[in-house]
Amino acid sequence: MLESRGEKVFYVFNYIILGLFALSTLYPLLYVLSASLSSPQAVVTGDVFLYPKEFTLTAYKAVFKENGVWMGYANTIYYTVAGTFTSMVLTICGAYALSKKRLKGRTFFNLLISFTLIFAPGMIPMYLNFRDLHLLDSRFGIVIGFAVSTFNFIILRTFFQAIPEEIEEAARIDGAGDVRVLFGVVLPLSKAALATISLFYAVSRWNGYFWAMVLLRDEDKYPLQVLLNQLVVKMKPSESMLNDISYSTGETIIYATIIVAVIPIIVVYPFIQRHFVKGVMIGSLKG
Amino acid sequence: MNVTTEVVRDRPSAKSKTSAGWSILKRDWFLYLLLIPFLLWYAIFVFKPMYGIQIAFKDYSVFKGIEASPWIGLAHFQQFLESEYFWRVLKNTLVISFYSLLFVFPAPIIFALLLNEVKNALFKKTVQTLTYMPHFISVVIVAGIVTNFLSPSSGIVNLLIEKLGGEKIYFLAIPDYFRTILNSMTIWQGTGFAAIIYIAALAGVNSELYEAAVIDGASKWKRTLHVTIPGILPTIMIMLILQIGGLLEVGYEAIILLYQPVTYETADVISTYVYREGLVNGRYDMATAVGLFNSVVGLLLIVFANRISKKYTESGLW
């Protein structure tokens, strides 16, 4: 295809604009990493711009000495693992049952659930519901209370619907019962979709902060994100973090805390990215 | 399996109806068994709180509980509409949403269109990988990065301003900057990932139309305008309806992280007001009423947007 001069100029600019946008997503993280590895003086005076100056690990030592950070990590891992498992069990139950056209009442239940997408109960009724169920300040409440995402349910239901009925029929003719059909045929066939949905749940669990902040009182139950809100956003590094090293500023400690919290996501991100893209694609086909 | 349904059709007596019911249950018992925990979850954690919305019309007392508290009609709504906060939070909600429609919404569309013109596969892949990444980082961390970068004492932005000979600015304490900071943050975090859906739609645009347009001598710009954009218009419309439905929701999780009393005048939106009034001040009934106002307007907006879209573009959510 022949290109006009205007088009050539466009292509050059296009590469520049997209390149700059990509760099703008990378730079803040790069700066945070460099600052966390530099001396507080170098950060405060603005010497650090791209790479660490006066390399030191003291900020990380301060972060790892803080018991709250370990506790937050442990809690987050618990909420992510237990939460994702609970979510998957419930979502599979509902999505499989409601994917079957022959099921009586299917349309009604599907409508009822779709309705929750455009009308939610709202923050206060939800909070009072947790209180009435005695699930305030409860790890179990966090795990069970946010188990099903209607969006994920619809993605999985759409996927189950696409599995040809003949495959199940064939298994039945071979003598498989309902339970065997689900566990031996349907779920193994849906591995890709199940992986995608689990990742959706796991990432939102890992990153969730609002309801944990609202529902939990006891600091020992805080997930990492609630802790980060205090340490990083409100910029109040704990006393013990600052005292030990006699810092003039908590700045590098804050940056080190960010890195410690974000590392697991950055490490797994390249591997899970394509699953997410796939999930969005399935979700975009109307359910 | 079809036999039972035919039997029902032939003899629609009460007796055969119950036996048909039994045979359906016998056939699908496993599906119903799976459905029970799932529906129970929705009943307890979604529909039960919906039932609790009634306290918006009641003088709710923690001791009496939801049902025993006396009805007071629309008093809470009236009080909200007459309060000094009503106009502030309504205005802020609408202004932030309007800016979001204007800047945040088109960003992924433009990004997808630009990316679609990239021929170098490696460059494309790299840009995608980098720009999707912020979506996976929690809003707390992103807000933390924003607060620290803009910090007046040692934030990189102010250090740069100072090096260039300017005065340090405490950005997050200045009401005029709040909306720009919030929406920029949303664009930074969400644009790449939100573009996926448009990239998929672009891949589905019929390539024969492009070839025909090239033969007709259409320039790149004309092809984009007359082939590409109409091709992804249904997707754009659906995303727009969703956006309009969520217009009043605005990203309150991010606002709660970033705002402070000095910036309330531009930052306080309906949802953050509900949060403070209900969860901080404990006025549950009042806050529920304000939240209900928000949800109902949101519901009306999405129904309205869907109707308009169906009328003019034949694509809609339902």
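All chains are named by letter (A, B, ...) in the order of the sequence lines, taking the proteins before the strands, and each is independently numbered beginning at 1. Since we're looking at a predicted model, the values are computed, not measured.
Using a 4.5 Å cut-off between heavy atoms, Lys104(A) touches chain B through backbone and side chain atoms alike. Heavy atoms closer than 4.5 Å to chain B are found nowhere in Leu117(A), neither backbone nor side chain. Looking at Ala120(A), the atoms closer than 4.5 Å to chain B (heavy atoms on both sides) all sit in the backbone: N, CA, C or O. If you measure heavy-atom distances from Ile265(A) to chain B, the contacts under 4.5 Å come from the side chain alone.
Counting heavy atoms from C-beta outward, Ile141(B) and Val232(A) have side chains that stay 4.5 Å or more apart.
No donor-acceptor pair closer than 3.5 Å links the side chain of Tyr96(A) to the backbone N or O of Leu35(B). Without hydrogens or angle criteria, Asn229(A) side chain to Val140(B) main chain gives no donor-acceptor distance under 3.5 Å. Side-chain atoms of Asp178(A) never come within 3.5 Å of backbone atoms of Phe30(B) as a donor-acceptor pair (strictly under, hydrogens ignored). A donor-acceptor distance shorter than 3.5 angstrom exists from the side chain of Trp188(B) to the backbone of Ser24(A), with no hydrogens or angles considered.
Of the listed residues (Ile302(B), Val303(B), Leu279(B)), the one with the most heavy-atom contacts under 4.5 Å to chain A is Leu279(B). By number of non-hydrogen pairs under 4.5 angstrom with chain B, the leading residue of Val148(A), Ile113(A), Leu103(A), Val277(A) is Val148(A).
Shown here are the ring pair (Phe, Tyr, Trp, His ring centres under 6.0 Å) partners of Phe123(B), two or more places apart in sequence or in another chain: Tyr15(A).
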Steps toward ring-ring contact (aromatic ring centres under 6.0 Å, His included) verdict (Tyr31(A), Phe149(B))
CA-CA 10 Å; Tyr31(A) 175 81; Phe149(B) 275 28; 5.1 Å; yes
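Note: Tyr252(B) and Phe210(A) have perpendicular aromatic rings, judged against thresholds of 30 and 60 degrees for the angle between ring planes.
Phe38(B) and Phe109(A) have their aromatic ring centers separated by at least 6.0 angstrom.
Thr150(A) and Tyr42(B) form a side-chain donor-acceptor contact under 3.5 Å, judged by distance and modelled atom types alone.
With respect to Arg102(A) and Asp28(B), a salt bridge is recorded, a charged nitrogen being found less than 4.0 Å from a carboxylate O.
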